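As structure tokens, the structure follows; a few thoughts come after it.
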Amino acid sequence: MMACSSCPKKFRNNNTLFLRLSLLHYSYIYKLIRNLTSTLFKFKTMIYHLNLKNSLSTLAIACVLGSACQNKKVADNENAADNKNAAVEQKLTSDPLVTDIYTADPSAHVFNNRIYIYPSHDIESNVAMNDDGGHFAMTDYHILSMDEVGGKVTDHGVALDIKDIPWAGRQLWAPDAAFKNGTYYLYFPVKDKSDVFRIGVATSSSPTGPFKPEPQPIAGSFSIDPTVFTDTDGQSYMYFGGIWGGQLQRWQNGKYDANGSKTDSQKENEPALTAKVARLSADIKSFAEPVKDVVILDEAGKPLLTKDHDRRFFEAAWMHKYNGKYYFSYSTGDTHFISYAIGDNPYGPFTYQGVILKPVVGWTNHHSIIEFKGKWYLFYHDSKLSGGQTHLRSVKVTELSYRPDGTIETIDPEKL
Ligand code: FUB
């Protein structure tokens with residue numbers, strides 16, 4: 001046994017440690033055992049973080065040292081151990097779901113009672129960072145799945161590769177998925193060979209692919225970040241769009257303007273550019289109607305303005321339904337919030353409510369929200385694992401809570 005300089009003085013002399021313990025009340029010993037269990041769990045978590053799964057000897061030494069160091073605290077307060085266990089479990093839900101690849105833009109769904117996550121697969125492309133997002137040069141998708149939040153995560157390998165999409169040029173960005181009549185659908189934005197973002201769809205008989213892409217992009221589609229929401233009546237809608245690198249601002253006259261703005265409409269005091277929505281056809285592979293605006297109103301019932309960077313739509317649309325209301329959530333991009341607005345139907349208008357997730361490490365913020373086994377979860381990403389590199393992100397999950405009035409508690413990623 002080794003001496004521990006941060007231990008209470010009475011435990012620093014190893015030769016007397018067990019002698020002193022034997023004089024304590026048996027309940028103290030009981031608490032010590034409980035604490036040892038807690039310490040084992042903590043070091044298991046630490047080893048997961050450090051990717052030292054094979055270092056069993058490190059684990060053994062760390063546990064002995066850790067349990068001796070914690071004895072005083074346990075004697076002080078029996079509840080402390082319970083509280084710490086709860087904190088460790090909560091922390092686990094904010095660790096990356098996978099650490100051997102970088103993943104981002106998580107679209108989570110529950111299929112057959114299992115959680116499937118459809119993320120972007122971030123890679124190092126060595127493209128310099130710019131406002132067009134050229135450094136997000138992804139080339140394939142991997143799908144992740146798990147039985148439980150906090151459970152084992154399976155990476156199902158490549159589900160769709162850019163080389164198999166006949167019309168694709170570059171940059172496979174944030175995807176989403178849906179299920180209908182025995183078929184799984186993967187929706188994805190990618191620049192075509194003219195460098196214009198379009199949205200494609202691919203199908204599979206399995207939620208994990210491989211997915212076979214349609215030969216052409218969805219007619220009438222443009223920009224990025226498609227998400228498909230199926231309402232309780234079975235009708236599906238696609239929401240999509242993103243300004244700046246997502247090119248939405250270049251479609252203001254119904255046609256792509258290659259020389260258009262690089263950012264937004266640049267009309268500061270006019271209504272901001274909006275996300276788009278279209279009802280999908282019965283086979284959910286095409287638009288069943290002309291694309292409409294997803295209007296977000298302020299508290300006075302006025303559309304949010306271009307200059308309102310803290311609240312206006314930028315990218316990363318997501319729709320979910322809670323207690324009969326429609327929650328449209330999105331990223332504010334250059335102000336880095338995940339915000340939301342509530343409406344009475346899938347088309348809106350939606351009234352701005354607040355922030356779901358404060359800025360994360362990395363420039364982008366992108367999320368999805370699902371209900372699973374009676375709890376609500378926020379899937380999101382950050383760049384902590386890559387040391388802050390914006391184009392190398394990791395998908396995470398944490399619990400989301402509603403207030404009694406249906407508004408959502410703001411999550412601070414630094415407190416997870
Ligand atoms: O991953 C590429 C892009 O970054 C996504 O399409 C955006 O939503 C942002 O997360």
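The figures here come from the full heavy-atom set of this structure, side chains too, leaving out hydrogens, waters and symmetry mates. No experiment lies behind these values; they were computed from the predicted model shown. Just so you know, ligand 1 is whichever comes first in the structure, and atom 1 is the first atom listed for that ligand.
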Is His366 close to ligand 1, meaning an N/O of one under 3.5 Å from an N/O of the other?
yes
Considering only heavy atoms of Met138, which atoms of ligand 1 have at least one such atom less than 4.0 Å away?
1 (O), 2 (C)
Run the numbers for me: atoms of ligand 1, each under 4.0 Å from some heavy atom of Ala174, listed by number.
6 (O)
Nearest to [atom], what protein heavy atom do you find, and at what distance?
| atom | value |
| --- | --- |
| atom 4 (O) of ligand 1 | Arg393 NH1, 3.3 Å |
| atom 9 (C) of ligand 1 | Glu315 OE2, 3.3 Å |
| atom 6 (O) of ligand 1 | Asp225 OD1, 2.5 Å |
| atom 1 (O) of ligand 1 | Asp105 OD2, 2.5 Å |

What I want to check is whether the side chains of His367 and Ser329 have a donor and an acceptor closer together than 3.5 Å.
yes
Would you say the side chains of Ser281 and Ser286 form a donor-acceptor pair under 3.5 Å?
yes
Flag the pair [X] / [Y] as yes when their ring centroid distance falls below 6.0 Å, and as no otherwise.
| X | Y | answer |
| --- | --- | --- |
| Tyr380 | Trp318 | no |
| Phe240 | Phe287 | yes |
| Tyr347 | Tyr237 | yes |

ring-ring contact (aromatic ring centres under 6.0 Å, His included) between His109 and Tyr116, intermediate numbers included
CA-CA 5 Å; His109 290 274; Tyr116 291 87; 9.5 Å; no
Touching ligand 1 at all, His391? Heavy atoms, strictly under 4.0 Å?
no
